[in-house]
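To start, the structure under review is shown below, and the notes come after it.
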Amino acid sequence: MTEQAMDWQEITNLTRGQPFVVERVRLAGSGVAIEGEFELPQLAQLSVEDQVFVTAFVRCHGSIKQMERIFGVSYPTIKARLNRVAQMLDFVETDPAPSRAEVIDRLRRGEITAQQALSELEGPT
């Protein structure tokens, strides 16, 4: 690869959708480089076309009507593509269950009862 920076579209075209790993990251302007094995973020792993689609969806604030106008396709087509892209992305849990230590600490401080602690430790049923 040349010294000139490649954008994601070029990398995606070069790899033809095959998985790849980034092994070196250089911080622009500082000369600091980090070497290792880094996975790309999920959105960067999408095809260029799907990245454009997701970007348009976000810019439209999730309006499928606007997406229909932009892409010139019907509601079912937009919905099917959204479902396909959604299946490729893992959902990131934003409210993870508390750790055992957190539950026990809350119990010790009297913030929850023993029954509530047991319920939280057992998790959803």
Side-chain angles (χ1 to χ4, degrees):
M1 185 157 72
T2 66
E3 288 296 316
Q4 182 179 358
M6 295 180 80
D7 67 14
W8 287 119
Q9 184 173 357
E10 290 175 298
I11 293 171
T12 302
N13 290 338
L14 180 68
T15 61
R16 296 188 175 126
Q18 295 297 311
F20 63 93
V21 175
V22 175
E23 292 185 343
R24 185 167 193 257
V25 175
R26 186 178 54 81
L27 303 174
S30 72
V32 173
I34 304 167
E35 293 193 19
E37 192 169 296
F38 310 100
E39 246 185 69
L40 293 177
Q42 288 185 39
L43 293 174
Q45 294 177 29
L46 294 175
S47 70
V48 172
E49 293 80 15
D50 286 340
Q51 288 180 32
V52 168
F53 183 82
V54 170
T55 301
F57 189 71
V58 171
R59 287 193 175 187
C60 290
H61 302 280
S63 169
I64 293 179
K65 283 188 184 267
Q66 281 186 283
M67 294 291 286
E68 290 175 87
R69 283 194 294 272
I70 289 170
F71 290 97
V73 295
S74 67
Y75 175 93
T77 303
I78 295 295
K79 197 70 171 157
R81 187 152 183 199
L82 278 172
N83 288 333
R84 184 180 58 74
V85 170
Q87 288 176 349
M88 291 188 273
L89 302 173
D90 294 329
F91 180 74
V92 176
E93 182 61 54
T94 57
D95 190 20
S99 71
R100 292 180 63 84
E102 289 172 316
V103 173
I104 292 169
D105 285 344
R106 289 176 41 222
L107 177 61
R108 281 187 185 136
R109 291 191 302 264
E111 296 172 5
I112 58 175
T113 66
Q115 187 59 42
Q116 289 170 317
L118 284 173
S119 178
E120 286 189 33
L121 291 172
E122 290 172 355
T125 56

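Val22 and Ile34 fall within a single hydrophobic cluster, where Ile, Leu, Val, Met, Phe, Trp and Tyr are joined by side-chain heavy atoms under 4.5 Å apart, directly or via other members. The same ILVMFWY cluster, assembled from side-chain heavy atoms under 4.5 Å apart, contains both Tyr75 and Val73. Under the 4.5 Å side-chain heavy-atom criterion for ILVMFWY residues, a single connected hydrophobic cluster contains both Phe53 and Ile70.
Within the model, atoms CZ of Arg100 and CG of Asp105 stand 12.5 Å from one another, a figure rounded to the nearest 0.5 Å. Rounded to the nearest 0.5 Å, atoms CD (Glu23) and CD (Glu35) are 8.5 Å apart. Between the CZ atom in Arg106 and the CD1 atom in Ile104 there is a gap of 11.5 Å [rounded to 0.5 Å]. Taken to the nearest 0.5 Å, the CE atom of Met88 stands 11.0 Å off from the CG atom of Asn83. To the nearest 0.5 Å, the span separating CD on Glu111 from CD on Gln116 amounts to 10.5 Å.
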**Study point:** Full working for side-chain contact (heavy atoms from CB on, under 4.5 Å) between Phe38 and Val25
**Key:** CA-CA 9 Å; Phe38 310 100; Val25 175; 3.8 Å; yes
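Met67 places none of its side-chain heavy atoms less than 4.5 Å from the side chain of Arg59. No side-chain heavy atom of Thr113 sits under 4.5 Å from any side-chain heavy atom of Leu107. By the 4.5 Å heavy-atom criterion applied to side chains, Lys79 and Ile64 are counted as neighbours. In this structure the side chain of Leu82 reaches within 4.5 angstrom of the side chain of Phe57, judged on heavy atoms. At a threshold of 4.5 Å between non-hydrogen side-chain atoms, the residues Val32 and Arg26 do not count as touching. Side-chain contact between Leu46 and Gln42 is absent, with no heavy atoms from C-beta onward closer than 4.5 Å. Annotation: side chain of Arg81 is not in contact with side chain of Ile78 (no heavy-atom distance under 4.5 Å). At a threshold of 4.5 Å between non-hydrogen side-chain atoms, the residues Asp50 and Leu43 do not count as touching.
The shortest non-hydrogen separation linking Val103 to Pro98 is CG2-CG, 3.8 Å. When all heavy atoms are compared, the tightest approach of Ser74 to Glu68 is C-OE1, 3.7 Å.
Within a 6.0 Å radius of CZ in Arg109, other residues, nucleotides and ligands contribute more than 12 heavy atoms. Remark: Arg84 CZ is packed, more than 12 non-hydrogen atoms of other residues, nucleotides or ligands lying under 6.0 Å away.
Looking only at distances, no side-chain donor or acceptor of Ser63 sits under 3.5 Å from a matching main-chain atom of Cys60. A distance-only check finds a donor-acceptor pair linking the side chain of Glu102 to the backbone of Ser99 [under 3.5 Å].
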